[in-house]
Number of protein chains: 2
Amino acid sequence: MKIGDLARRSGLTAHTIRYYERIGLLPYADRNQSRHRDYDASILTWIEFLGRLKTTGMPIRDMLRYAALREEGAGTEAERRALLEQHRERVRAQVDELNACLLVLDTKIDGYVETEQRKNDDDAPVQNRIRGRRKPA
Amino acid sequence: MKIGDLARRSGLTAHTIRYYERIGLLPYADRNQSRHRDYDASILTWIEFLGRLKTTGMPIRDMLRYAALREEGAGTEAERRALLEQHRERVRAQVDELNACLLVLDTKIDGYVETEQRKNDDDAPVQNRIRGRRKPA
DNA sequence: TCTTGACTTAGAGCGCGCTCGAACCCGTAG
DNA sequence: CTACGGGTTCGAGCGCGCTCTAAGTCAAGA
């Protein structure tokens with residue numbers, strides 16, 4: 001598979017794939033006789049996993065640490081596991097924080113909903129004007 | 001309240017507070033006779049809300065839009081509400097995505113746990129060597 | 001009076017994660 | 001043969017969100 005194909009299949013750009021290889025996030029790719037990168041489909045699994053790490057906010061320097069352990073191969077599993085477990089805790093905390101923010105957003109939005117309702121009340125005929133908040137019938 | 005106090009109470013740096021004022025995220029602050037910014041405690045509520053928007057990944061340009069509507073005052077509630085509702089949907093999607101990533105992380109970590117167990121099996125005395133994966137008794 | 005320290009402004013600099021441009025090299029279709 | 005649509009390397013540039021420096025002002029305490 002050439003870099004363009006991998007780009008299409010991975011969702012990254014060829015530029016980004018080269019960049020990732022340059023910094024060590026992707027292993028140095030085999031080249032064909034034209035010195036073009038020639039990928040095995042298995043790289044897609046790794047790119048997808050990197051995407052998960054990225055989505056969950058892991059900085060590239062941490063991904064690099066993980067990638068380096070992976071390159072080292074057997075014997076680094078315990079450290080890789082520890083890295084992922086730490087990261088998992090951070091992500092869980094992040095989810096909790098986002099959920100807390102969602103509650104605040106809900107409250108704020110409810111406030112605007114009530115503003116809207118008061119506005120509708122003011123527009124309504126006199127016999128419907130009752131003090132305070134109220135659902136339309 | 002002076003900028004240093006606000007910094008301590010808000011968790012932002014004085015630099016960042018001035019930066020936020022410069023770009024319009026914070027309203028232009030009143031100055032005392034020494035041209036120093038003099039804040040009312042109510043600004044803390046707004047800063048805290050900005051923090052929520054930031055935590056949930058809203059880019060500054062979008063916060064600016066919301067801040068501008070807020071400055072405009074009455075009559076902009078519907079648009080502010082719409083902004084927040086759109087943002088809430090994005091945050092919900094983000095939470096879903098993170099939870100999906102957490103599942104993947106769990107799976108990956110489980111893989112390493114099993115690697116570790118196999119390693120322990122190999123270290124164990126012969127009578128405990130049973131083929132395949134297995135919990136310690 | 002003098003020192004200290006927090007404030008002011010304008011503008012430069014930085015770390016991150018790409019993103020792109022320049023100049024060049026191939027292989028294939030017309 | 002030539003044009004084109006990929007690929008290559010190296011290095012510069014960019015958008016974001018701060019972060020910091022320089023040079024100066026001001027008020028309060030020793």
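By convention in this document, chain letters (A, B, ...) are assigned in the order of the sequence lines, proteins followed by strands, and residues within each chain are numbered from 1. Everything numeric here is computed off the predicted structure, so don't read it as measured data.
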Subject >> A/T13: side-chain hydrogen bond (donor to acceptor under 3.5 Å, both in side chains) partners, not counting sequence neighbours >> reply: A/T16

Original post:
If you look only at pairs with a residue in residues 7-18 of chain B, which of them pass as a salt bridge (charged side-chain N to carboxylate O under 4.0 Å, His left out), with sequence neighbours excluded?
Top reply: B/D5-B/R8

Subject >> Residue pairs, two or more places apart or on separate chains, that pass salt bridge (charged side-chain N to carboxylate O under 4.0 Å, His left out) and touch residues 24-36 of chain A >> reply: A/E21-A/R31

Listed partners of [X] passing side chain to side chain contact (heavy atoms under 4.5 Å, CB included), at least two apart:
X	answer
B/D110	none
A/E79	A/R65, A/L69
B/R70	B/W46, B/R80

Subject >> Minimum side-chain heavy-atom gap B/S10-B/I43 below 4.5 Å >> reply: no

Original post:
Contacts to DNA chain C from residues 2-12 of chain B, heavy-atom cutoff under 4.0 Å, which residues?
Top reply: B/K2, B/I3, B/G4

**OP:** Classify every nucleotide of nucleotides 15-21 of chain D by which part a protein heavy atom approaches to under 4.0 Å, writing B for the base, S for the sugar-phosphate alone and - for neither, in 5'-to-3' order.
**Re:** -SBBBBB

**OP:** Check whether any side-chain nitrogen or oxygen of A/R37 sits under 4.0 Å from OP1 or OP2 of D/dG6, and answer yes or no.
**Re:** no

Original post:
Any side-chain N or O of A/R35 less than 4.0 Å from the OP1 or OP2 oxygen of D/dG7?
Top reply: no

**OP:** For A/Y20, check ring-ring contact (aromatic ring centres under 6.0 Å, His included) against everything at least two apart and list the hits.
**Re:** none

Subject >> Residues in ring-ring contact (aromatic ring centres under 6.0 Å, His included) contact with B/F49, at least two apart in sequence or another chain >> reply: B/Y66

Tabulated below should be each protein N or O lying under 3.5 Å from an N or O of nucleotides 27-30 of chain D; please produce it.
residue : atom : partner : partner atom : Å
D/dA27  : OP1  : B/S34   : OG           : 2.9

Subject >> Proximal nucleotide (of D/dG6, D/dT9, C/dT8) relative to the A/R18 side chain >> reply: D/dT9

Atom pairs and distances, donor-acceptor, side-chain atoms in residues 85-95 of chain A, under 3.5 Å, two or more places apart:
residue : atom : partner : partner atom : Å
A/E85   : OE2  : A/R81   : NE           : 3.0
A/H87   : NE2  : A/T56   : OG1          : 2.7
A/R88   : NH1  : B/D106  : OD1          : 2.6
A/E89   : OE2  : A/R92   : NH1          : 2.7

